[in-house]
Every structure is written in C-alpha cells, then in structure tokens.
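Counting begins at 1 with the first residue of the sequence. Heavy-atom basis, side chains included; hydrogens, waters and symmetry copies ignored. Predicted model, so just to flag it, every value in this text is computed and none were measured.
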Amino acid sequence: MGNYRVTNPIPVMVREVAEGTAFVSSTVPKGAIISVEGAVIDLAKYIFVKWNGEDALMFAGDLLIHAERASEVEK
C-alpha cells in the first residue's frame with residue numbers, strides 16, 4: 001500500500017525486543033512516516049506496519065482516519 005504520514009497520533013502495538021513475541025502499546029506521533037505492506041481489507045482488524053524500523057500492529061480504521069498518503073521517498 002505504501003507510505004503514510006500520521007496526521008493525528010495513532011496507538012499501536014510493537015514487538016517487545018526482550019521477549020521477542022510479546023507486544024507492548026505505544027503511540028505513533030503526528031508527522032511520523034509509516035510503511036504499510038498489505039491491503040486494508042477489514043477496518044475492524046489489525047494491520048502490520050513498519051514504524052521506526054520495527055514491525056507494529058494498528059487498527060486499519062485508524063490508518064485511514066489518522067494518516068494520509070505520503071511520497072514513496074519519505075521514510
């Protein structure tokens with residue numbers, strides 16, 4: 001799907017490095033660029049995104065409401 005610029009902070013779940021499989025909550029700040037690899041099919045489901053070089057989970061609906069398409073060169 002490409003890159004998105006966050007227009008309002010979005011809650012996400014990021015993989016906790018120490019545990020490897022556990023996820024902890026965080027917030028993607030306004031202005032951050034996230035990369036989405038898969039298509040948004042169900043707005044009530046989580047999607048995987050890349051943020052700060054890490055995999056994160058966020059609600060697909062939050063992406064569509066609180067982010068806008070960004071140039072592919074923005075990272």
Side-chain angles (χ1 to χ4, degrees):
M1 279 191 63
N3 294 336
Y4 286 79
R5 180 181 304 102
V6 176
T7 57
N8 288 306
I10 301 175
V12 295
M13 300 296 289
V14 293
R15 192 176 309 275
E16 189 173 47
V17 177
E19 297 297 322
T21 58
F23 284 85
V24 295
S25 64
S26 188
T27 302
V28 179
K30 180 179 179 177
I33 301 295
I34 55 176
S35 176
V36 180
E37 298 298 323
V40 175
I41 297 170
D42 185 342
L43 298 181
K45 301 282 184 172
Y46 280 109
I47 58 169
F48 280 98
V49 299
K50 284 271 190 196
W51 170 54
N52 277 346
E54 296 183 42
D55 290 327
L57 290 168
M58 74 170 46
F59 279 113
D62 284 345
L63 173 71
L64 297 179
I65 294 168
H66 301 293
E68 62 189 9
R69 292 288 295 207
S71 165
E72 292 299 317
V73 296
E74 294 181 72
K75 291 189 179 181

Starting from Phe48, can I reach Val24 by hopping between I/L/V/M/F/W/Y residues whose side chains sit under 4.5 Å apart?
no

Can you list, pair by pair, the side-chain donor-acceptor contacts under 3.5 Å of residues 25-33, counting residues two or more places apart and other chains?
none

Got a second to check how far Met58's CE is from Ile10's CD1, nearest 0.5 Å?
4.5 Å

Sorted by chain and residue number, the side chain to side chain contact (heavy atoms under 4.5 Å, CB included) partners of Tyr4 (sequence neighbours excluded) come out as Met1, Ile34, Val36, Leu63, Ala67, Arg69

Phe59, Trp51: one ILVMFWY side-chain cluster at the under-4.5 Å cut-off?
no

Partners meeting side-chain hydrogen bond (donor to acceptor under 3.5 Å, both in side chains) with Lys45 (sequence neighbours left out)
none

With sequence neighbours left out, what residues match Asn52 under side-chain hydrogen bond (donor to acceptor under 3.5 Å, both in side chains)?
none

All side chain to side chain contact (heavy atoms under 4.5 Å, CB included) counterparts of Phe23, not counting sequence neighbours:
Met13, Arg15, Leu57

